[in-house]
**Student:** 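Before anything else, here's the structure in question.
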Amino acid sequence: MQLDKKSNVYNLIALASCSLLGVANPALAADDITEDWKVDTAVLYYNETDRVSAVESAVSISKEFSGDKILSGKLTIDSLSGSSHNGASINENAQTFTSPSGEEQYVVEAGDVPLDPNFEDDRTSFNVQMSQPLSRLVNVEYGAAYSTELDYTSMSLNASLTRDFNQRNTTLSAGIAVAQDEINPHDGLPELYSLMSDNTKTSADTKNTVDLLLGLTQVINRNTIMQFNYGIGSSTGYQNDPYKIVSIISDATGAPLDYLFESRPDSRIKHSLYWQTKHHLERDMVDVSVRLMSDDWGINSQTLDLRYRWNLSETQYLEPHVRYYNQSAADFYQYEVSNEGLSAVQLAAQYQRDGTDVSADYRLGELNATTVGLKWGASLFKNHQLTTRLELYQQSGNSDVADLDAMIFQVGYGLKF
Amino acid sequence: MTISKESENSFELIPYDLGWKCCFRAMASPCEILIAACSLADAQTLATIAFDEVKRIEKKFSRYRDDNIVFKINNSHGTCVEIDEEVHRLLTFSDQCYHASGGLFDITSGVLRQVWIFDGSDRLPTTAEIEKYLPLVGWDKVKWNGQSIRLKDGMELDFGGIGKEYAADRVLLLLSEKKSLPYLVNLGGDIATNGALFSDHEWVIGIEAIAGSQMSKVLHLKDGAIATSGDSRRYLLCEGIRYSHILNPKTGWPIEHTPHSITVMAPSCVQAGMLSSLALLQGAKSEEFLDAMDVTFWSQR
């Protein structure tokens, strides 16, 4: 009780000092009035026109301990359902598909995008993160994450080290993350190069990923801060989407003969470069970022992201957001494959013999996507913050199967105590 | 190389291995501004800004002058005196500290100095003398708002408890706004700095031990401020009891068992100064008071 009263005196003096100096300078006192606990909750609704819809709920909690140690954790639960493109191409004939379990069949009308109507998944993920200073200028952060879906589990560990230089105007960081994923559909994985009509399954498989990240944060002047990141990631093991197939089209008739389960390379190396600048105007803030990504699958992508935080008052802001994304196709991406005069079984055997990779997943094809959104944030009363966000997403690619419109709506509520 | 002579009316700018030192006297103390390496022209501009600001604050808030707002307020005989925005900010700060300290920090308590003369002698005032002045003490008796202030006739304001610290923070603020460099502002031991000269550099600040004490202390400061409050030279000694110049505005008597001095580290100099003043007002519990706040401090008893 006595302690609380005294730290309250400390906070009162700190605040009084700030207003005396006519500055709301966080360097002068804000550090000393931080609240220990922080809880953020958010519910997100995602809806693709005629395809998948998802609801995601997230709770994150962080607690600051003495010595600038911060422990945080986040729990996310998603539930997805709807229709998902199965990989097959649009055909002028009606197409009949067998669901991955092999038990159900569905028919796609002529000229329609082949969508599997039985798409359904629930995902729960959890992570714990700890951040603490090692010395006056060095900070270490480490954590672990776990996520599970019906057919997928992922475990990862991460650690990073940051060090301040140049009167804390420069921060260098280096980080590593390792992950192991296990893919284990209820009915097993489709045998590599098997046909949909075979329905031959194998047991679960795994994927291992290592990511390294180097970062530089530089204070340019009182109003501008810049960040550069370089990342390299390597993953090996099972990279396929076990539910995606590729249409084998007859040269003679143009009709699908059968469908081959996709086969991607069993390793992938990605390089990414990221540059972000935040510039404070007199009242508002501009946030621009560019991300360039390139991998050895032949995918090169560019992301341009622009946000303008328009501070309407001390307690409210509006943040318009525009994002543009562009990617080139993977070398092995094909919308559909031709039978080259062979039967589907012979073609599959030839692919297997040659180790040919092929995928018709539109996410590996050429893509252009634009997101336009608006976020509104308001402090309802001291230490309580309400945010809502509405975003519209529009995507196009090599073919009609990649055309997608989606809407994202999120409501978040955060408090500190 | 000496640019100009040190005096009350000008400053001296001296180059040293890490930049420039600007020295002058103000507020009855030696003042020193350390400026990180920059051109002579820049150093002169910056030193002028610092010197002018300290002198401006001294002139405006000193109670030893008869041409400023403090004199006007203290000689208003119960009438309303118009105030500017800066005076209002200082009054607001004093008001917040008055309330935060439960009335122990009070800028109207200076009037008690008319009976308490802290000259190291054994002359104590009589209870009657003290009681004559007590009705003139009490911030809660002052009427004030954003435009004006009215004191009861005979009451006085004294910004002496915050002036030097306020000046140190103001100078640092003005310098940082003019040119983004590391600075250290030292106004007679009240120190404010905005950052080190280079990576891993720390300002090393020695604290003078009081007479007769073997203790001395070196503080390391990366950024932020330190301020010292104490009674090392101002006290009365009567029948073996040492009476500090820290007066309790509620009783009119000195606070007992105060440390000789307390030095506190805080993000700003006004904050450090107020914490050390409030700590002294706790008497025997000064250290306990600061311990509970988890601040870095050093006390000499």
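Every chain is numbered from 1, with letters handed out A, B, ... down the list of sequences.
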**Student:** Is a side-chain donor-acceptor pair under 3.5 Å present for A/D287 with A/Q276?
**Tutor:**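 There is such a pair between these side chains.
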**Student:** Tell me, side chain or backbone of B/L278 under 4.5 Å from chain A's heavy atoms, or both, or neither?
**Tutor:**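 For B/L278, the side chain is the part near chain A, not the backbone.
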**Student:** Taking the ring of B/W139 and the ring of B/W144, is the distance between their centroids below 6.0 Å?
**Tutor:**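 Ring centres of B/W139 and B/W144 closer than 6.0 Å.
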**Student:** Does the A/R283 side chain pair with the main chain of A/N311, one donor and one acceptor, at a distance under 3.5 Å?
**Tutor:**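 Present.
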**Student:** For the residue pair B/L151 and B/L157, establish whether any side-chain heavy-atom pair is separated by less than 4.5 Å.
**Tutor:**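 B/L151 reaches B/L157 side chain to side chain.
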**Student:** Taking 4.5 Å as the heavy-atom cut-off, does anything in residues 93-102 of chain B contact chain A, and if so which residues?
**Tutor:**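 Listed by number, the contacting residues are B/F93, B/Q96, B/C97, B/A100.
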**Student:** So, using salt bridge (charged side-chain N to carboxylate O under 4.0 Å, His left out) as the criterion, who are the partners of B/K179 when residues are at least two apart?
**Tutor:**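 Only B/D42 meet the salt bridge (charged side-chain N to carboxylate O under 4.0 Å, His left out) criterion with B/K179.
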**Student:** Are B/S229 and B/S276 close enough that a side-chain donor and a side-chain acceptor fall under 3.5 Å?
**Tutor:**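 Their side chains do contain a donor-acceptor pair, which is all the 3.5 Å distance test asks for.
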